[in-house]
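Computed from a predicted model, the values in this text were never measured in an experiment.
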Amino acid sequence: MTWIKFAIWLCGIYAAYYTIIIIWDYLRNGRTPETKEARELTFVEDVEPIKLKSDDVNEYKGSSLMSSGGVTLKQMFSLAREEAIEFTRAVSF
């Protein structure tokens, strides 16, 4: 079997596969579900939002886990020299 015959057979198999899938989807599309809610996805949550007072927000300002905002490039290099930056994932360039 040559490469040309192999490529022709492979294209024929793919064409037949996709033709069958398209015809099956077309025939299946005519059916309607038993109920409209049968395919509807819903979520129920019993969580109520809590409004925080401004005093509650200020007490976390000194935490090391909170972000202090942006830093300049010069400050970032000094933090890197001090090894104060924690890498959580790889950096892609």
Honestly curious: do Tyr14 and Ile23 fall in one hydrophobic cluster under the side-chain, below-4.5 Å linking rule? no
If you link ILVMFWY side chains whenever their heavy atoms are less than 4.5 Å apart, which other residues fall into the same cluster as Ile8? By chain and number, please. Ile4
Is there a donor-acceptor pair closer than 3.5 Å between any side-chain N or O of Gln75 and the backbone N or O of Thr72? yes
In one Ile/Leu/Val/Met/Phe/Trp/Tyr side-chain cluster, 4.5 Å: Trp24, Tyr17: no
Can Ile50 be reached from Val47 by stepping across I, L, V, M, F, W or Y side chains whose heavy atoms are under 4.5 Å apart? no
Classify the ring geometry of Phe6 against Trp3: parallel below 30°, tilted from 30° to 60°, perpendicular beyond 60°. perpendicular
Note: with side-chain heavy atoms under 4.5 Å as the link, the other cluster members for Ile13 come out as none
Kindly work out whether a path of hydrophobic side-chain contacts (I/L/V/M/F/W/Y, heavy atoms less than 4.5 Å apart) joins Tyr18 to Leu27. no
Joint hydrophobic cluster, Trp9 plus Ile20, side-chain heavy atoms closer than 4.5 Å: no
Restricting to side-chain contact (heavy atoms from CB on, under 4.5 Å), what partner residues turn up for Ile22, sequence neighbours left out? none
